Amino acid sequence: MTLIIEGCAVATVDAAGTEHVQGHLVVEGDRIVAVGAGPAPAAGPAPTAGPAPTAGPGAAAGPGPVDLPGTSGVRRIDGSGCLATPGLVNCHHHLYQWLTRGLAQQANLFEWLTELYPVWARLDADLELAAGRAALAALLTSGCSTTTDHHYVFPAGAGDLLAAEVGAAAALGTRFHPCRGSMDLGRSRGGLPPDEVVEDRDAVLAATEAAIDRWHDPAPGSMLRIAVAPCSPFSVTGELMAEAAALARRRGVRLHTHLAETVEEEEFCRERFGCTPAEYLDRLGWLGDDVWLAHCVHLDGCAVRRFGRTGTAVAHCPSSNARLGAGIAPVTALLAAGVPVGLGVDGAASNEAGQLGPELRQALLVARLRGGPAALTARQALALGTIGGARCLGREDELGSLEPGKLADVALWRLDGLGHAGMADPVAALVLGPPARVELLLVGGRAVVEAGELRTGSEQDIARQARASSRRLLGTVGATA
Ligand SMILES: [Zn+2]
């Protein structure tokens with residue numbers, strides 16, 4: 001199958017920052033085969049706008065991408081009024097938290113966790129599936145084609161939680177990098193989480209290796225790669241951190257954890273380890289170009305330089321950091337030091353919107369609150385959400401920019417409606433304007449969102465299941481919605 005998109009603006013986010021005011025993309029199978037200015041080569045007559053297709057599950061939602069007459073095996077789409085960018089890459093999330101949104105509304109991180117851990121202790125595989133479907137649908141419909149999940153709560157008897165979310169991602173068509181998380185430092189040993197949500201260290205390592213054996217696909221074009229991801233300095237022992245790193249490196253998979261999110265975490269590390277969170281991780285052999293770390297709000301200049309020298313990447317989560325009042329990560333300094341920086345929505349219990357598209361704007365705004373109006377440009381914000389995220393996941397050779405040979409993960413954003421009309425710069429319209437409708441989202445060449453609607457599942461069914469599951473988890477079965 002060949003898919004041709006033309007008549008749209010194109011922001012390739014390649015190394016040269018190539019953009020086309022009006023350009024084309026040609027996709028064959030799961031790969032991009034051509035990107036350039038003007039109409040696609042040998043594409044026939046120039047596209048003219050026509051009526052929206054009447055077939056398909058989302059046709060009633062309003063005009064979608066306009067299909068043009070094509071020959072057999074070729075779909076041609078009129079992208080006029082739209083901007084094509086790489087599909088967004090989400091570098092940090094906790095899908096299960098979709099069911100516990102809107103709680104602990106005025107809490108800081110430690111207060112918020114302390115309130116939520118006992119709720120999360122009741123998680124099971126059915127709840128995980130419902131949460132995963134909802135959280136993944138929110139990502140897809142906001143232009144995100146690749147996401148990680150950092151799952152670290154494995155209550156005894158909860159069932160196969162990882163299998164539930166892997167199934168959800170496969171069914172919805174998301175490119176998925178689930179991180180097998182873990183906690184082994186319960187409250188009785190000086191950690192923050194209650195003992196009932198932590199695991200035994202050997203069990204964690206065995207389950208993590210089993211997840212790699214079962215699901216990790218290192219092949220080009222992979223739809224699923226596992227990472228190893230103990231949760232945080234205040235919920236994991238140093239022994240597990242070190243052994244997790246050794247496991248990841250032995251198996252050739254990436255490493256992920258939370259770091260330097262709040263001042264309370266820094267105080268915890270200074271008291272317990274006599275150093276900053278970044279120094280603690282360095283001591284454990286955790287810094288390197290196979291590691292990406294969520295948050296990194298509270299880093300000193302020394303840590304920023306050390307991250308740059310070691311190639312350690314950062315998943316910046318601006319909305320979550322604002323929601324929990326954690327602070328603003330030093331993104332401008334990280335970029336200046338050569339640190340790969342991607343974006344993350346973080347778990348939906350600390351970012352109830354759970355959409356990646358709006359994080360482009362949020363990243364730009366908080367960077368400017370910290371560093372002034374030139375701290376981050378609209379194009380830098382787009383790069384964080386695309387190629388920066390691909391670098392965090394070690395997939396910049398395949399994802400994060402629109403270039404021939406790369407995977408056909410493409411977002412086509414509609415920019416000719418009320419919200420964006422009149423802004424001549426489409427990248428500024430996308431980043432500074434209101435959330436843009438995703439006219440088309442391709443993941444490996446497959447259309448998973450069209451006309452702003454999910455095509456791989458029913459949003460109504462997903463929402464219904466999320467509502468019922470949230471009520472069950474929170475113990476309010478029988479209450480009115
Ligand atoms: Zn997180």
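Hydrogens, waters and symmetry mates play no part in the numbers below; they use all other heavy atoms, side chains included. In each ligand, atom 1 is the first atom listed, and ligand 1 is the first ligand listed. Remember, predicted model here, so these are calculated numbers, not experimental data.
- Salt bridge status for D213 with R251: present, with a side-chain N to carboxylate O gap under 4.0 Å.
- Listed by chain and residue number, the protein N/O/S atoms under 2.8 Å of the Zn ion (ligand 1) are H92 NE2, H94 NE2, H258 NE2, D346 OD1, with waters left out.
- Under the salt bridge (Lys or Arg N to Asp or Glu O under 4.0 Å) criterion, the residue pairs touching residues 124-134 are D124-R472, with sequence neighbours excluded.
- Here R395 pairs with E398 in a salt bridge; the nearest charged N to carboxylate O distance falls below 4.0 Å.
- The only member of T147, L407, V89 that meets side-chain contact (heavy atoms from CB on, under 4.5 Å) when paired with R175 is L407.
- The aromatic rings of H295 and H258 lie parallel to each other, with less than 30° between the two planes, well short of the 60° mark.
- Using cut-offs of 30° and 60° for the angle between ring planes, the F268 and F110 rings count as perpendicular.
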